[in-house]
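Proteins come first, then strands; the chains are lettered A, B, ... in the order of their sequence lines, and each starts at number 1.
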Amino acid sequence: MQKLFENEKKAFMTGNEVVAWAALAAKADIMYGYPITPQNEIMHYWTRLAPKFDKKFLQTEDELSAGFTTIGGVMAGRKAFTATAGPGNTLMQEPMSMAEMMRLPTVVVVQQRGGPSTATVIYSQQEVNMTALGGNGEGLRIVYSTSSHQELFDYTIKAFNTAWKYRFPTFVLGDGYQAKMRESLTLYEPESRGINLIEPEPYLGKAGVPGVDRPPAQFRNTFSMEEELYELLMGYVKDYEKIMPEVAEYQSSGVEDADLVIVGHGIVFRAIRAAVDTLRRRGLKVGYFRPVTLRPLSIPQIRELTAGVKKMLVVESAYGQLARLIKEVAYGGTAEMLTMYRPGVGITAEEVEAEAEKILK
Amino acid sequence: MGNSSVQPVMPRSWRVDTKPHKFCPGCGHPLILKCLGQAIDELGIQDRVVFGCDIGCSLLSWDFFDLDTVQTHHGRTTPVMTGIKRARPGLICIAYMGDGGGYSIGVQHLVSAAARGEKITAVLANNTQYAMTGGQMAPTTLPGQKTETTPYGRDPETTGFPLPGQDMVSSVAGEGAYVARGSIANPRQLKSFLKKALENQMSEKGFSFIEALSACPTNWRTNASETWDFVERKMPAYFKAGEIKVPAGGQGEVQKDG
């Protein structure tokens with residue numbers, strides 16, 4: 001196969017285009033998808049690039065089908081992915097619950113839009129609940145929340161590796177702003193940066209006659225006994241808890257001496273970081289903490305933070321979806337938990353700065 | 001199969017250690033699965049078949065064969081098999097479902113797969129109701145038929161007539177599609193239909209779809225003769241057996257009735 005880039009390439013493009021290039025760089029084999037704004041251009045770019053690199057695409061009849069065909073793709077031993085948003089993500093929860101039950105390395109890119117219902121096609125951070133904990137299950141998933149185009153590229157590549165390494169459904173959680181705006185970034189071949197791409201393996205259709213040369217591979221998601229389910233699920237939970245420390249990622253700065261730590265994820269983190277930089281320059285003791293993975297969270301770091309600082313301000317373009325996750329981990333900590341909720345609307349650095357000033361006054 | 005001399009002959013592709021099977025006495029599923037097993041044996045494709053089963057009684061087939069198998073969700077077997085086939089066209093994918101899975105909750109998947117000409121084989125057991133959940137009305141329930149949600153009999157005025165699901169699939173399926181309806185009352189014919197459907201997939205002609213009229217004496221609350229009367233007389237009044245769609249140019253090498 002021809003090389004995508006000569007090791008590295010500077011680019012200025014939309015986030016959706018970045019995802020398509022990242023999936024190619026990750027050696028994804030097939031995308032299954034259904035149109036929904038604001039993720040459409042992932043499909044548009046993939047369908048233009050795919051034939052040139054011997055990749056496949058299927059446009060399905062809905063997101064249920066996009067999710068279940070993605071499941072079929074990974075079970076067949078191919079790196080398969082889909083992308084969705086909003087009401088599409090709602091439908092995606094059904095197939096992803098099957099992926100959780102069968103430990104399938106599906107990769108789903110979510111470009112959040114306003115909710116509930118059809119709401120807006122523009123932007124939000126309101127798909128945190130659903131992406132992290134959706135479906136009728138325990139949220140045994142891995143969710144990367146990106147904040148820039150470079151991260152969209154990096155973490156889309158990483159998502160395929162994480163999924164195939166740990167066999168939990170993996171999500172890249174972006175949003176409409178990241179999807180649609182243009183930004184500069186560096187595209188690269190993962191190998192040129194020392195990133196080893198994990199090879200996919202088939203669950204089904206391996207060599208030999210089932211029952212003759214090998215036992216048949218028969219995969220269940222249905223159980224007759226409570227105990228059967230319990231044992232299986234507790235095994236999964238144990239696996240998940242074991243990998244949490246190596247999967248969880250966060251970013252923080254200025255928290256050691258802070259009177260106030262501002263917490264946020266995704267693109268809102270950029271407003272927070274800019275606000276914290278300004279406030280610090282003005283001599284205020286403010287820091288930030290940003291979970292990169294929303295599932296699993298960096299639990300020890302959050303606990304340490306909430307035991308050490310006086311005040312925390314959770315800022316998000318949702319009405320407490322991130323805060324709920326943080327508060328659960330922070331339970332027992334002494335930090336006062338303040339919130340700035342702007343469901344479905346963007347948040348600027350100036351707004352965060354003003355809120356912080358009000359708190360510190 | 002140490003005592004095979006006293007056992008009925010099972011298809012080679014059946015998984016012996018899961019027999020006797022899990023279906024109710026008098027159920028139609030094992031007869032359909034026997035015909036399917038024979039078709040797989042005759043085509044020599046046990047090493048290439050992936051079998052997907054829906055939720056409902058069809059789920060009980062999950063360990064029925066020595067085949068790679070995946071349990072899916074209710075109605076979602078068609079897209080799972082589609083996903084596998086698209087990713088690995090060399091595999092032969094069979095989506096096994098009931099009438100509720102295929103004609104109700106998963107109807108958009110079945111019709112869309114047919115319209116796109118997915119090179120998979122869907123097999124639908126029609127027993128005119130939801131059996132696993134205790135016998136509720138299905139799209140296929142006959143007018144006047146009593147079920148748990150139509151305790152006074154299905155009234156077409158409020159619940160419509162039996163869905164001509166096969167005609168619906170057939171009408172959107174492309175040139176290369178093979179669509180037929182068989183019955184457990186005629187296993188030779190059913191086996192030949194299933195075999196032709198699989199051959200249609202193997203020759204990459206297009207979508208293939210077999211509906212099999214099945215029986216559910218447990219929920220129908222019928223004795224043996226009433227059960228056969230329902231399958232052989234009452235159901236065919238709405239669901240006619242036969243080949244509905246055959247690819248242009250036919251399938252010369254396969255003889256009718258196997």
Side-chain angles (χ1 to χ4, degrees), chain A residues 28-32 34 55-80 82 91 94-99 101-102 104 106 135-136 200 202-224, chain B residues 12-18 22 44-53 55-56 59-93 95 105-113 115-116 118 120 132:
Chain A
D29 298 293
I30 184 164
M31 177 184 188
Y32 305 88
Y34 183 81
K55 306 292 182 185
K56 294 177 183 175
F57 175 77
L58 174 66
Q59 183 167 329
T60 58
E61 58 275 18
D62 56 24
E63 287 89 350
L64 293 166
S65 184
F68 281 104
T69 48
T70 301
I71 281 174
V74 300
M75 293 195 85
R78 299 289 185 256
K79 284 188 184 175
T82 187
L91 292 183
E94 189 197 328
M96 290 309 109
S97 75
M98 176 163 155
M101 178 56 105
M102 292 183 170
L104 304 177
T106 49
N136 59 335
Y203 286 66
L204 303 155
K206 293 185 186 180
V209 181
V212 179
D213 307 317
R214 61 176 174 87
Q218 299 183 324
F219 293 91
R220 307 176 69 179
N221 60 43
T222 320
F223 302 91
S224 307
Chain B
R12 259 197 331 278
S13 52
W14 277 23
R15 189 174 147 184
V16 177
D17 67 323
T18 59
K22 304 177 181 78
I45 53 175
Q46 193 178 342
D47 61 333
R48 285 192 284 153
V49 170
V50 175
F51 182 78
C53 47
I55 301 303
L59 179 82
L60 299 176
S61 64
W62 76 274
D63 61 352
F64 197 92
F65 292 106
D66 265 330
L67 296 174
D68 287 357
T69 304
V70 53
Q71 299 181 350
T72 74
H73 283 192
H74 193 30
R76 317 300 177 215
T77 310
T78 306
V80 173
M81 291 298 112
T82 296
I84 294 172
K85 186 71 180 187
R86 288 276 178 160
R88 296 261 305 273
L91 297 173
I92 296 161
C93 297
I105 195 169
V107 69
Q108 77 274 37
H109 306 309
L110 186 63
V111 168
S112 302
R116 287 195 304 260
E118 296 295 344
I120 64 170
M132 180 63 96

Fill in the blank from the handout: Counting heavy-atom pairs under 4.5 Å with chain A, the top scorer among B:C93, B:A115, B:P79, B:G106 is B:P79
Problem - Set of residues satisfying salt bridge (Lys or Arg N to Asp or Glu O under 4.0 Å) with respect to B:D66, sequence neighbours excluded - result: none
Exercise for the section: Would you confirm whether B:D47, through its side chain, and A:A207, through its main-chain N or O, come within 3.5 Å as a donor-acceptor pair? Expected result: no
Handout entry: Which atoms of A:M101 approach chain B - backbone, side chain, both or neither, heavy atom under 4.5 Å
Key = neither
Exercise for the section: Heavy-atom pairs under 4.5 Å with chain A are the metric here; pick the option from B:R48, B:K85, B:Q46 that has the most. Expected result: B:Q46
Handout entry: Separation of B:D68 CG from A:F219 CZ (nearest 0.5 Å)
Key = 7.5 Å
Problem - A:R220 versus chain B, the contacting section by heavy-atom distance below 4.5 Å - result: both
Fill in the blank from the handout: Whatever's closer than 4.5 Å to a heavy atom in chain A on B:R116 counts as side chain
Handout entry: Side chain A:Q218, main chain B:F64, donor-acceptor under 3.5 Å
Key = no
Handout entry: B:F51 portion near chain A, given a 4.5 angstrom heavy-atom threshold
Key = neither
Handout entry: Distance-minimising heavy-atom pair for B:H109 and A:L64
Key = CE1-CB, 4.0 Å
Practice task
Look up atom CG in A:L58 and atom CD in B:E118, then write down how far apart they are to the nearest 0.5 Å.
Solution key: 5.5 Å
Practice task
Flag the pair A:D29 and B:R88 as a salt bridge only when some basic side-chain nitrogen lies within less than 4.0 angstrom of an acidic carboxylate oxygen.
Solution key: no
Fill in the blank from the handout: Scanning both residues in full, the closest heavy-atom pair of B:V70 with A:M102 reads CG2-CE, 4.0 Å
Handout entry: Nearest non-hydrogen partners of B:A87 and A:A76, listed with the distance
Key = CB-CB, 4.0 Å
Handout entry: Minimal non-hydrogen separation, A:E61 against B:S112, with atom names
Key = CB-OG, 3.2 Å
Exercise for the section: Calculate, to the nearest 0.5 Å, the distance between atoms CZ and CE belonging to B:R76 and A:M98 respectively. Expected result: 11.5 Å
Problem - Heavy-atom neighbours of A:N136 CG exceed 12 at 6.0 Å - result: no
Problem - Toward chain B, the part of A:M75 with a non-hydrogen atom under 4.5 Å - result: side chain
Practice task
Run through B:T69, B:L67, B:I84 and flag the one making a side-chain contact (heavy atoms from CB on, under 4.5 Å) with A:L204.
Solution key: B:I84
Handout entry: Nearest non-hydrogen partners of A:S97 and B:H73, listed with the distance
Key = OG-CE1, 3.4 Å
Handout entry: Validation row: A:S224, B:K22 side chains within 4.5 angstrom (heavy atoms)
Key = no
Handout entry: Largest heavy-atom contact set with chain B, pairs under 4.5 Å, which of A:G67, A:P216, A:P215, A:P210
Key = A:P210
Problem - Closest heavy-atom pair and its distance - A:F57, B:R86 - result: O-NH1, 4.5 Å
Exercise for the section: Under 4.5 Å, counting heavy-atom pairs only, tell me which of B:V111, B:T72, B:L91 racks up the most with chain A. Expected result: B:T72
Handout entry: Proximity breakdown for A:D62 and chain B, heavy-atom pairs closer than 4.5 Å
Key = side chain
Problem - Straight-line distance of A:I71 CD1 to B:M81 CE, nearest 0.5 Å - result: 10.5 Å
